[in-house]
Amino acid sequence: MIALFFFIVQIGFGYTLLSFFDPVRKFSLSLRLLAGPVIGLVASTILTLLFALVAGNLSAAITVVLGIMLVTIILTYRSKAFPFNLRELFSGFLRWVRLPSFWTLILLAIIISLLAYQALLPQPPFYDAILIGWGDIGLHLGIIQRLATADPFIIEHPALAGHPLTYSFLGHMLSAIYLKLGASLLVAYHMPVIVFDILAVGLFASFLHLFVRKRWLAVILTVLILFGGGLGWWWFGKDVAQGYKIGGTQGAIEIVSHPPHEYTHLDNRTSGKPAGYDAPNNIVWIVPALSFMVHQRSFPIGMALALLVLMGFLLYRPDRRAARFGLLAGTLQLAHNHTFIALAFIFFGFLIVEYKAWRCYIRFAIITILIAIPFALYLALPTIIHGSNTHFFKPWWGWMTCGHNMGWLTCDPTTQEGTDRSALWFWTKNFGMVFVGWALALLYLTVQWFRWRVVDVNTKLVAAGSLVLFAAPNLFLF
């Protein structure tokens, strides 16, 4: 109960801070509802971490931060500065419940939450097409328990005594707080993942709505992107046909109810389900809703933060207040490092389009870097000091298309079974129709540009940002 109370206070604290980031109410009501919890959970967790490091005691830090949050909420309530009121909420809810898109997003969030919940269960009650638990879950549990029980409070690797923890651990710190406050390990583990999964789904649909304008289209794109799994369905159909050939209708039903393969992880190099170890299909990216939002517990936090930063910046640019979102962007170093890098690529694409507003981007970048530097130094410094045989960035054309032992631009002459010589075919197999649609949209925009047709600036931003984000990981491995 104490953990639940602390969680509720965190949400309220986020809404008090929202007035700083959205002072002139450019956020819609739905975006304000989603943004508050993201800000509150992240800000309170970082404050708790800092106080715990200073005091050497997590319990004392939690008590201090709880007091700060309660005082802030009371003062904000007395000054009538909350970002919405009950009448506005009730009116908005009555509008939303009449929209099919609203219930579709609710259903989507419930499905992803159920998938995330079963990550620690011994049997898969909700789906049977993916490994129920990955090896790194044990590491995640170790990090959480170490942060919750360290006395005096220090940050170190749970399996290597005295060795620094170099994993982005903001989500683990949040779980450690709940564990310290009496929540069970199961609840403490799942709570941040499920909460940020729900927030990320809503924020993703809100982000797409900024560009496509139609709610139903934004929801359809959300479903396609989060559950898009490349061309694995083709091999699934072949397995169903083979099951029917062997056992008739019952054989086909058996394949559908208990798929022998993980059809978005169908390769013999990174492995998936044991039956797929000999699969040479080179489909490796896994459906995002299952990999990123279920097992990779840091990603939902990074996704929600990045989407909030993107929308806040786009809505407030070129106003100087857009730079405030750099305060949130910088925390991505501690939340999910790869999302921080991805966000940098996206903003570089934005800057290419809006180069005349470079001052706005520079202000944002300066604040982001100032916040990120302490986290980046902590996470990277041990590797720099002790050295490493691996490089975080290295040239690597086409990501996992093929081997590049002899050159980064061309495939090895003797290509390993389960690889592809064509990066285009690899992308098509792994992205599926999402990749085809994206490529056609870019082609259309390019033709319009050469014909001197007017293209909406937001469309240009999405095109440039997505192109840079696609190109970077297919030129460099990081």
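Atom CG of Leu17 and atom CG of Asp22 lie 12.5 Å apart (nearest 0.5 Å). Interatomic distance, CD1 of Ile177 versus CG of Leu58, reported as 6.5 Å (0.5 Å rounding). Rounding to the nearest 0.5 Å places CD1 of Ile371 at 12.0 Å from CG of Leu334. With values rounded to the nearest 0.5 angstrom, Met433 atom CE is found 8.0 Å from Leu440 atom CG. Here the straight-line distance linking atom CG of Leu174 with atom CD1 of Ile46 works out to 11.0 Å at 0.5 Å rounding. Here the CE atom belonging to Met293 is positioned 9.5 Å from the CD1 atom belonging to Ile198, to the nearest 0.5 angstrom.
Counting heavy atoms from C-beta outward, Asn57 and Phe153 have side chains that stay 4.5 Å or more apart. Counting heavy atoms from C-beta outward, Lys26 and Leu31 have side chains that stay 4.5 Å or more apart. Looking at Ile283 and Phe426, their side chains never come closer than 4.5 Å, going by heavy atoms from C-beta outward. Contact annotation: the side chain of Leu226 never approaches that of Phe292 to less than 4.5 Å [non-hydrogen atoms, C-beta and beyond]. Side-chain contact between Ile144 and Arg297 is present, with at least one heavy-atom pair separated by less than 4.5 Å. Two residues are said to be in side-chain contact when any heavy atoms from C-beta on lie closer than 4.5 Å; Phe27 and Phe21 fail this criterion. Counting heavy atoms from C-beta outward, Leu221 and Phe211 have side chains that stay 4.5 Å or more apart. Taking 4.5 Å as the limit, every side-chain heavy atom of Leu332 sits out of range of all side-chain heavy atoms of His338.
By the 6.0 Å contact criterion, CZ on Phe348 is open, its count of non-hydrogen atoms from other residues, nucleotides or ligands being 12 or less. Within 6.0 Å of the CZ atom in Phe51, the count of heavy atoms belonging to other residues, nucleotides or ligands does not exceed 12. Within 6.0 Å of CZ on Phe20 lie more than 12 heavy atoms contributed by other residues, nucleotides or ligands. Within a 6.0 Å sphere centred on OH of Tyr167, heavy atoms belonging to other residues, nucleotides or ligands number more than 12. Environment of CZ in Arg363: crowded, with over 12 heavy atoms of neighbouring residues, nucleotides or ligands closer than 6.0 Å. Heavy atoms from other residues, nucleotides or ligands lying under 6.0 Å from CZ of Arg95 number more than 12. The number of heavy atoms from other shown groups lying within 6.0 Å of CG (Leu50) is above 12.
Ring centers of Tyr189 and Tyr178: at least 6.0 Å apart, outside the cut-off. Ring centroids of Phe364 and Phe347 are separated by less than 6.0 Å, placing the two rings close together. The aromatic ring centroids of Trp438 and Phe431 lie 6.0 Å or more from each other.
Taking the ring centre of Tyr15 as origin, the terminal cationic atom of Arg32 falls outside the region bounded by 6.0 Å and 45° from the ring axis. A cation-pi arrangement is not found for Arg324 relative to Tyr316, the charged atom failing to lie both closer than 6.0 Å to the ring centre and inside a 45° cone about the ring normal.
Nearest heavy atoms, Leu34 versus Gly202: CD1-C, 3.5 Å. Val309 approaches Ala329 most closely through the heavy-atom pair CG2-N, 3.7 Å. Nearest heavy atoms, Ala335 versus Ser298: O-CB, 3.3 Å. Closest approach of Thr222 to Ala205, counting heavy atoms only: OG1-CA, 3.5 Å. What you find for His209 and Ala218 is that their closest heavy atoms are N-CB, 3.8 Å. The minimum heavy-atom distance linking Ala188 with Ser175 is given by the pair O-OG, 2.6 Å.
A donor-acceptor contact shorter than 3.5 Å is absent between the side chain of Thr72 and the backbone of Phe13. For Lys460 (side chain) and Val353 (main-chain N/O), no donor-acceptor pair under 3.5 Å exists by modelled atom type. At distances below 3.5 Å, not a single donor-acceptor pair connects side-chain atoms of Ser91 with backbone N or O atoms of Arg87. Between the Arg146 side chain and the Ile143 main chain, no donor and acceptor come within less than 3.5 Å of each other. No donor-acceptor distance shorter than 3.5 angstrom exists from the side chain of Asp197 to the backbone of Val294, with no hydrogens or angles considered. Judged by distance alone, the side chain of Thr339 and the main-chain N or O of Gly302 form no donor-acceptor pair under 3.5 Å.
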Walk me through it: do Leu199 and Phe196 pass the test side-chain contact (heavy atoms from CB on, under 4.5 Å)?
CA-CA 5 Å; Leu199 295 172; Phe196 276 100; 4.3 Å; yes
Any chance you could lay out the side-chain contact (heavy atoms from CB on, under 4.5 Å) test for Arg320 and Cys360, step after step, and finish with the verdict?
CA-CA 6 Å; Arg320 298 175 67 91; Cys360 180; over 6 Å; no
Start with the C-alpha distance between Thr264 and Phe227, add both sets of side-chain angles, then the distance that settles side-chain contact (heavy atoms from CB on, under 4.5 Å), and finish with yes or no.
CA-CA 10 Å; Thr264 57; Phe227 281 91; over 6 Å; no
Apply the test side-chain contact (heavy atoms from CB on, under 4.5 Å) to residues Phe350 and Leu310: give CA-CA distance (whole Å), side-chain angles for both, the deciding distance (0.1 Å), then the verdict.
CA-CA 10 Å; Phe350 287 178; Leu310 283 169; 3.7 Å; yes
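Residues meeting the ring-ring contact (aromatic ring centres under 6.0 Å, His included) test with Phe7, sequence neighbours left out: none. A search for side chain to side chain contact (heavy atoms under 4.5 Å, CB included) contacts involving Ile220 returns Trp216, Leu224, not counting sequence neighbours.
The aromatic rings of Phe169 and Tyr378 stand perpendicular to each other, their planes meeting at an angle above 60°, with 30° marking the opposite boundary. The aromatic rings of Trp96 and Phe102 sit parallel, their planes meeting at an angle under 30°, below the 60° perpendicular limit.
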